[in-house]
Number of protein chains: 2
Amino acid sequence: MTTRWLTPEEQRAWRAYVAGYLLLEDAIDRQLQQDAGMPHAYYSILANLSETPERRLRMTDLAERLKITRSRLTYAVSRLEKDGLVRREECRWDKRGSIAALTDEGMAVLEDAAPGHVATVRAALFDRLTPEQVGQLEEIFGQVAQGFQGDGEGEAAPEDLPWRRRSSPCSGTS
Amino acid sequence: MTTRWLTPEEQRAWRAYVAGYLLLEDAIDRQLQQDAGMPHAYYSILANLSETPERRLRMTDLAERLKITRSRLTYAVSRLEKDGLVRREECRWDKRGSIAALTDEGMAVLEDAAPGHVATVRAALFDRLTPEQVGQLEEIFGQVAQGFQGDGEGEAAPEDLPWRRRSSPCSGTS
DNA sequence: TAGGTTTGTTTCAAACTTGAACCAAGACCG
DNA sequence: CGGTCTTGGTTCAAGTTTGAAACAAACCTA
């Protein structure tokens with residue numbers, strides 16, 4: 001196939017997007033590193049655990065939610081565990097499984113860090129967007145994320161997406 | 001200040017965005033790593049150099065364009081240089097400066113990799129968006145990026161943005 | 001139930017990123 | 001000039017991420 005290059009509009013959008021998200025991620029990482037001593041991904045782990053009824057989740061589920069690899073999660077959780085913010089528990093129904101549980105200290109750290117994090121996200125992103133744009137942002141990335149979801153389904157991808165990864169259920173509310 | 005938390009709409013948008021860009025970056029990195037043996041950031045270095053009249057740029061300029069730190073760039077360029085895709089030249093007017101120049105081989109590798117890269121970006125992003133959404137994407141991230149730009153200006157940031165980095169001119173077309 | 005496959009997770013080495021520290025070369029100033 | 005501040009880049013150690021390989025427990029299946 002003779003490559004459909006990006007149109008000028010798409011190029012501009014792509015450049016703006018890349019520049020924007022790099023700056024944004026950078027700002028978020030810097031803020032969290034400064035104020036909470038951890039990068040964005042680690043904060044997300046704590047946040048995700050905190051939103052769960054029992055404040056615990058199986059590794060694979062957590063990785064799935066966070067859209068990160070299991071190996072990356074293993075490393076991150078080990079570090080958080082060393083810091084006492086997360087505790088690893090074994091899964092009773094499945095001896096293979098291990099569960100990451102947010103400790104009280106972890107919850108405290110999270111609550112401490114949250115305001116600053118939100119302020120950063122606001123200042124860098126939401127305070128610059130109109131309500132319509134907020135909706136557009138959700139719509140756009142929702143569509144993008146969907147594209148990576150469940151494989152086989154009916155409305156297949158515009159092309160084959162040979163990249164794409166995992167998927168797996170199994171909840172771990174002890 | 002009593003933290004203005006994200007509204008439900010903002011939360012949804014934020015989640016969609018984070019999930020989306022993680023998946024997207026992951027797909028792009030994977031594709032480039034597979035097909036060109038380098039991550040997205042490295043590809044961007046080559047691409048950026050190729051778009052310059054003389055196919056060369058001073059390190060700081062390049063870092064500025066790419067929105068990455070100088071130290072990160074130094075490392076990346078060293079690797080690319082080792083692979084023969086980029087060559088370092090000294091700056092004649094400023095003995096401190098060093099210039100990164102795209103080699104013919106680098107150009108060739110870039111041209112080889114481009115189609116696959118574009119295809120990935122298309123399949124994962126643009127083929128899922130309407131033309132209006134493409135415009136919205138540009139608008140949104142253009143605004144975000146602007147927020148990190150030139151400091152002092154009139155319409156200052158909604159809050160102080162204590163994070164933010166460098167800035168510096170100086171072109172290096174030999 | 002033995003044997004083979006899949007699934008959940010960790011491990012390991014190699015590559016990458018970060019931030020602070022460092023160095024040398026311009027710029028300035030008295 | 002000689003000192004001092006700034007700028008352009010690199011270096012270094014510490015922390016992260018990656019992908020492939022290793023394991024072990026769960027699941028078939030004959």
Novice: Output yes when A:Glu89 and A:Arg56 qualify as a salt bridge under the 4.0 Å nitrogen-oxygen rule, no when they do not.
Specialist: yes
Novice: Atom CD of B:Glu25 to atom C1' of D:dT18: distance rounded to whole Å?
Specialist: 14 Å
Novice: Between A:Glu89 (CD) and C:dG8 (P), how many Å, whole number?
Specialist: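 Spelled out: CD on A:Glu89 to P on C:dG8 is 19 Å.
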Novice: Checking contacts here: which listed nucleotide (C:dG26, C:dT9, D:dA26) is nearest the side-chain heavy atoms of A:Arg58?
Specialist: C:dT9
Novice: Between C1' on D:dA25 and CE on A:Met59, what's the gap in Å once rounded to a whole number?
Specialist: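 Distance, rounded to whole Å: 17 Å.
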Novice: Is there a donor N/O on one and an acceptor N/O on the other, under 3.5 Å, for the side chain of B:Arg96 and the base of D:dT7?
Specialist: yes
Novice: Any side-chain N or O of A:Arg88 below 4.0 angstrom from OP1/OP2 of C:dT10?
Specialist: yes
Novice: Would you please classify the geometry between the A:Tyr17 ring and the A:Phe141 ring as parallel, tilted or perpendicular, with 30° and 60° separating the classes?
Specialist: tilted
Novice: Which whole-number value in Å describes the distance from B:Gln33 CD to D:dT18 P?
Specialist: 11 Å
Novice: Can you measure B:Arg70 atom CZ to C:dT17 atom P for me and round it to whole angstrom units?
Specialist: 16 Å
Novice: Please report the distance, rounded to the nearest Å, between NZ in A:Lys67 and C1' in D:dT17.
Specialist: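 In whole Å, D:dT17 C1' and A:Lys67 NZ are 19 Å from each other.
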Novice: Is there a side-chain polar atom (N or O) of A:Arg79 under 4.0 Å from OP1 or OP2 of D:dT16?
Specialist: yes
Novice: Tell whether B:Thr74 reaches the base of D:dG9 with its side chain through a donor-acceptor pair below 3.5 angstrom.
Specialist: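 Answer is no: no donor-acceptor pair is held.
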Novice: Do the side-chain N or O atoms of A:Tyr75 get closer than 4.0 angstrom to the phosphate oxygens (OP1, OP2) of D:dG19?
Specialist: no
Novice: Within the structure, does a side-chain N or O atom of A:Thr60 lie under 4.0 Å from either OP1 or OP2 of C:dT9?
Specialist: yes
Novice: Relative to the ring of B:Phe126, is the ring of A:Trp14 parallel (under 30°), tilted (30 to 60°) or perpendicular (over 60°)?
Specialist: perpendicular
Novice: If the cut-off is 4.0 Å, is A:Arg72 near the phosphate of D:dT17, judged by side-chain N/O to OP1 or OP2?
Specialist: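 Answer yes for this pair, as a side-chain N or O of A:Arg72 is under 4.0 Å from OP1 or OP2.
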Novice: For C:dG19 and A:Arg30 - does any side-chain N or O of the residue sit under 4.0 Å from the phosphate oxygens OP1/OP2?
Specialist: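 Indeed, a polar side-chain atom of A:Arg30 lies that close.
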Novice: Please state how far atom CG in A:Leu73 lies from atom C1' in C:dT11, giving the value in whole angstrom units.
Specialist: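 Roughly 15 Å, once rounded to whole Å.
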Novice: Pick the closest DNA chain C nucleotide for A:Asp29 and for A:Ser71 by heavy atoms, then say which residue is nearer the 5' end.
Specialist: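 Counting from the 5' end, the first nearest nucleotide belongs to A:Ser71.
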Novice: Considering only NZ, NE, NH1 and NH2 on the basic side and carboxylate oxygens on the acidic side, decide whether B:Glu138 and A:Arg15 come within less than 4.0 Å.
Specialist: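 Judged by the 4.0 Å cut-off on N to carboxylate O distance, B:Glu138 and A:Arg15 do not form a salt bridge.
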Novice: Counting only heavy atoms not in A:Gln34 (residues, nucleotides, ligands), do more than 12 fall under 6.0 Å from its CD?
Specialist: no
Novice: Taking only N and O in the side chain of B:Ser98, is any of them less than 4.0 Å away from OP1 or OP2 of D:dT10?
Specialist: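 Yes, such a contact exists.
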Novice: Could you tell me how far apart A:Ile45 (CD1) and D:dT16 (C1') are, to the nearest whole angstrom?
Specialist: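 Taking CD1 of A:Ile45 and C1' of D:dT16, I get 12 Å after rounding.
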